[in-house]
**Q** 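The structure under discussion is supplied below as structure tokens; questions concerning it will follow.
Residue numbering restarts at 1 for every chain, and letters A, B, ... go by the order of the sequence lines.
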2 protein chains.
Amino acid sequence: MEKPHNSEESKSNNRQKRTREKILNLAMHVLAKKPKASLNEIAEAAEIGRATLFRYFKSRKQLIHELVVEADQKLENATKPILEQKLTARDTLEEYIKVLVPLGASFHFLSSEQIYSECSGIEDLYRNQLVRLKELSTKLREEKVVAADIPPVWIAAVLDNLIYTAWVTVSEGDIARNDAPGLVLHSFLNGLSPV
Amino acid sequence: MEKPHNSEESKSNNRQKRTREKILNLAMHVLAKKPKASLNEIAEAAEIGRATLFRYFKSRKQLIHELVVEADQKLENATKPILEQKLTARDTLEEYIKVLVPLGASFHFLSSEQIYSECSGIEDLYRNQLVRLKELSTKLREEKVVAADIPPVWIAAVLDNLIYTAWVTVSEGDIARNDAPGLVLHSFLNGLSPV
DNA sequence: CTGTAATGAGACATTATAGTATCATGTGGG
DNA sequence: CCCACATGATACTATAATGTCTCATTACAG
């Protein structure tokens with residue numbers, strides 16, 4: 001075949017699936033850190049040829065589009081079950097953080113406005129994500145988990161940044177992976193001062 | 001004259017000074033948000049012609065270099081007096097935040113690794129800034145302003161992000177300028193939960 | 001081991017951005 | 001008012017990135 005196509009789950013599309021995942025994964029990581037990264041750098045990071053990149057994604061625009069869609073799905077899949085459990089706001093927050101820290105790149109990627117300058121027509125996904133964050137923020141306020149005088153936009157922003165910071169420090173080896181969620185939760189609720 | 005030169009504070013270089021400041025200011029803002037921004041976009045944001053941009057900065061590289069140097073100086077000027085005052089760590093922190101929030105763009109700009117991929121030979125400035133942040137973090141720990149079990153790297157990262165977040169939300173009109181420093185300080189020390 | 005599909009390398013074409021040169025216009029200090 | 005000088009607009013070149021294509025090589029299922 002010239003181009004990989006998804007004809008009814010055929011036998012040997014494992015390889016294709018693997019490279020595709022590889023590309024999406026590495027591209028996400030690279031672009032989250034350096035939005036200016038060229039396709040060359042992305043290909044290099046993913047350890048594939050530039051040509052292969054174009055076999056899977058016909059343009060930079062489409063690559064980014066798929067990254068955004070994938071990020072959105074990951075977040076959706078990770079967070080939906082939590083919201084449906086009808087936990088307390090505090091527990092929801094805790095679970096939220098636990099699942100989002102490992103997805104930090106996706107999370108921040110989707111929150112990053114830089115992307116939208118390269119790929120229009122995705123504002124909806126972004127909005128969804130923001131809406132969900134805002135909902136959680138509101139819930140946290142209602143159940144008095146966070147103080148009433150703190151603006152929701154601040155709550156959401158701080159949460160976003162703590163989660164992304166956690167992801168960055170973990171992937172740079174400065175913070176232990178298992179410590180990160182607790183650190184985020186504690187910093188978010190109680191700050192850094194001693195008990 | 002062809003190119004503006006700074007010969008002993010001459011009479012009419014006010015205009016030049018103004019445009020130069022204008023460019024540096026707006027370029028900083030634009031690039032902090034979108035490192036990929038083209039010189040076209042920067043010129044547009046600064047409301048000047050692209051040609052003028054090149055009259056003041058012979059290349060993109062030099063523009064960024066000057067931005068970094070300027071950011072570093074601003075931060076240096078703002079923070080040095082504070083450190084020399086020999087305040088308690090807690091008061092140092094408070095003053096620090098007060099002066100840094102308005103400089104959020106510069107601050108974050110200098111912290112952003114993205115810049116170094118465009119302009120080499122400035123790692124020193126970055127290091128200085130980091131060293132200073134780490135020093136403050138250590139001091140905060142020593143004086144038990146922050147808990148002893150929190151890694152300095154986490155302290156520094158959280159502080160950086162809170163300050164930048166404050167600056168962003170202020171410049172987007174979501175948070176009142178005068179509320180921001182207090183919000184940062186409180187979030188940093190006590191988190192968002194109610195008293 | 002063998003044949004086929006996926007890949008990598010690299011030679012192109014195309015486009016976007018960086019950078020240069022020129023000239024008409026406009027502004028601000030004298 | 002006047003004129004030097006900064007600016008904006010535009011046309012131009014250079015360079016880097018995107019996107020297309022071909023072909024030899026490699027990996028893998030049978």
**Q** Round to a whole Å and report the spacing from NZ of B:Lys61 to P of D:dT15.
**A**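 Interatomic distance, NZ of B:Lys61 to P of D:dT15: 15 Å.
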
**Q** Taking B:Thr52 for its side chain and B:Ile48 for its backbone only, find out whether a donor-acceptor pair lies under 3.5 Å.
**A**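 Looks like no, no N/O pair under 3.5 Å.
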
**Q** Would you mind reading off the distance between B:Lys17 atom NZ and D:dT7 atom C1', rounded to a whole angstrom?
**A**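 Distance, rounded to whole Å: 20 Å.
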
**Q** For the pair made of NZ in B:Lys58 and P in C:dT20, what is the distance, rounded to whole Å?
**A**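 It works out to 9 Å between those atoms.
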
**Q** For the pair made of CD1 in A:Ile42 and C1' in D:dA16, what is the distance, rounded to whole Å?
**A**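 Answer to the nearest Å: 15 Å.
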
**Q** Would one find a side-chain N or O of B:Thr52 under 4.0 angstrom from OP1 or OP2 of D:dG8?
**A**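 Yes, B:Thr52 has a side-chain N/O under 4.0 Å of OP1/OP2 on D:dG8.
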
**Q** Could you go through B:Glu76 and B:Arg132, starting from their C-alpha distance and side-chain angles, then the distance that decides it, and tell me whether this counts as side-chain contact (heavy atoms from CB on, under 4.5 Å)?
**A** CA-CA 10 Å; B:Glu76 184 94 12; B:Arg132 204 159 302 161; 3.3 Å; yes

**Q** Side chain of B:Ser38 only, please: which of C:dT27, D:dT18, C:dA18 is the nearest?
**A**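 So the nucleotide nearest the side chain must be C:dA18.
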
**Q** Between A:Ala51 and A:Lys36, name the one whose nearest nucleotide on DNA chain C is closer to the 5' end.
**A**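 Residue closer to the 5' terminus by nearest nucleotide: A:Ala51.
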
**Q** Side chains of A:Trp154 and B:Ser187: do they bring a donor and an acceptor to under 3.5 Å?
**A** yes

**Q** Whole angstroms only, please: what is the CZ-C1' distance between B:Arg55 and C:dA21?
**A** 10 Å

**Q** So for B:Arg15 and C:dG29, does any side-chain atom that can act as donor or acceptor lie under 3.5 Å from a complementary atom in the base?
**A** no

**Q** Among residues two or more places apart or on two chains, list those pairs meeting ring-ring contact (aromatic ring centres under 6.0 Å, His included) that have a residue in residues 175-195 of chain A.
**A**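 For residues 175-195 of chain A: none.
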
**Q** B:Ile64 CD1 to C:dA18 P: how many Å, rounded?
**A** 10 Å

**Q** Please determine whether a side-chain nitrogen or oxygen atom of B:Arg60 lies at a distance below 4.0 Å from atom OP1 or OP2 of C:dA18.
**A**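 The answer is yes; a side-chain N or O of B:Arg60 sits under 4.0 Å from OP1 or OP2.
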
**Q** For A:Tyr56 and D:dG19, give me the distance from atom OH to atom P, rounded to whole Å.
**A** 18 Å

**Q** Quickly work out the A:Asn40 CG to D:dT15 P distance and round it to whole Å.
**A** 18 Å

**Q** Are A:Ile150 and A:Val158 connected, step by step, through hydrophobic side chains (Ile, Leu, Val, Met, Phe, Trp, Tyr) whose heavy atoms are closer than 4.5 Å?
**A** yes

**Q** Is B:Thr19 close enough to D:dT7 that one of its side-chain N or O atoms is under 4.0 Å from OP1 or OP2 there?
**A** yes

**Q** Given C:dG19, D:dT7, C:dG8, which nucleotide is nearest the side-chain atoms of B:Phe54?
**A**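 Of all the options, the side chain of B:Phe54 is nearest to C:dG19.
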
**Q** 5'-most contact on DNA chain D: B:Glu47 or A:Arg50, nearest heavy atom basis?
**A** B:Glu47

